[in-house]
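One structure is given here, and the rest of the page talks about it.
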Amino acid sequence: RVVGELARPVFFVGFMGAGKTSVARRLARTCGVASVDMDTYLERREGKRVKEIFAQAGEDGFRAIETDVLRELAGKEPLLVSCGGGVVKRDENRAILRDAGFVVYLKVTADEAKSRISDTSTRPLFQDLDVARKTSEERLPLYAEVADLTIDTAGKNVATIAREVQSAL
Ligand code: S3P
């Protein structure tokens with residue numbers, strides 16, 4: 001499918017390292033629609049890195065900004081949004097996601113994610129593999145709750161996943 005046929009925004013959710021940003025970018029190219037990475041957008045808006053925000057304002061401070069950003073992006077023209085992995089934690093955010101568009105859940109295990117992430121230093125919540133395993137387990141039902149489409153990313157490359165998403169839109 002092409003350009004103008006993207007009737008509503010598409011939000012990518014899933015754990016860190018699931019491939020949300022890469023898949024959104026890939027799809028943006030094939031569909032001719034803009035893609036936005038929530039964390040990049042948030043960092044520009046705040047003039048600070050995610051890591052600094054966590055250090056200065058804690059996770060709660062970060063989550064408050066994240067909700068503002070999600071609201072802003074949810075009100076925009078059809079576009080592809082790769083969300084931060086923890087966006088589903090707040091009830092409020094899950095409600096925004098459900099109302100705002102088509103939600104794609106890219107499923108990945110913490111172990112697989114670890115092997116895909118080259119630099120975990122930018123991810124305050126991916127410092128320890130055991131903790132990450134637990135966090136990802138806890139989030140499974142939250143991702144599932146908002147998902148219009150779930151894709152198990154195991155053994156698939158970005159192009160394959162992007163094609164699967166495209167055919168479901
Ligand atoms: C987080 C995921 C990160 C970023 C922040 C918190 C999380 O986004 O928003 O470090 O709680 O899972 P990515 O999923 O894009 O790495």
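For ligands, and for the atoms within them, numbers begin at 1 and follow the listed sequence. Just so you know, these numbers come straight off a predicted model, no measurement behind them.
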Next on the checklist: Going by side-chain contact (heavy atoms from CB on, under 4.5 Å), name the residues that satisfy it together with Ala144, two or more places apart in sequence or in a different chain.
Outcome noted: none
Item to check | N/O donor-acceptor pair under 3.5 Å between Asp39 side chain and Gly84 backbone | outcome: no
Item to check | Backbone N/O of Gly17 and side chain of Arg116: donor-acceptor pair under 3.5 Å | outcome: yes
Item to check | Note: Lys89-Glu59 ion pair, threshold 4.0 Å (strictly below) | outcome: yes
Item to check | Salt-bridge present (Arg49, Glu52; N to O < 4.0 Å) | outcome: no
Checklist entry - Heavy atoms under 4.0 Å from ligand 1: which residues qualify? => result Met16, Lys20, Asp39, Val50, Phe62, Arg63, Gly84, Gly85, Gly86, Arg123, Pro124, Leu125, Arg139
Checklist entry - Should we count CD of Glu77 as having more than 12 external heavy atoms under 6.0 Å? => result no
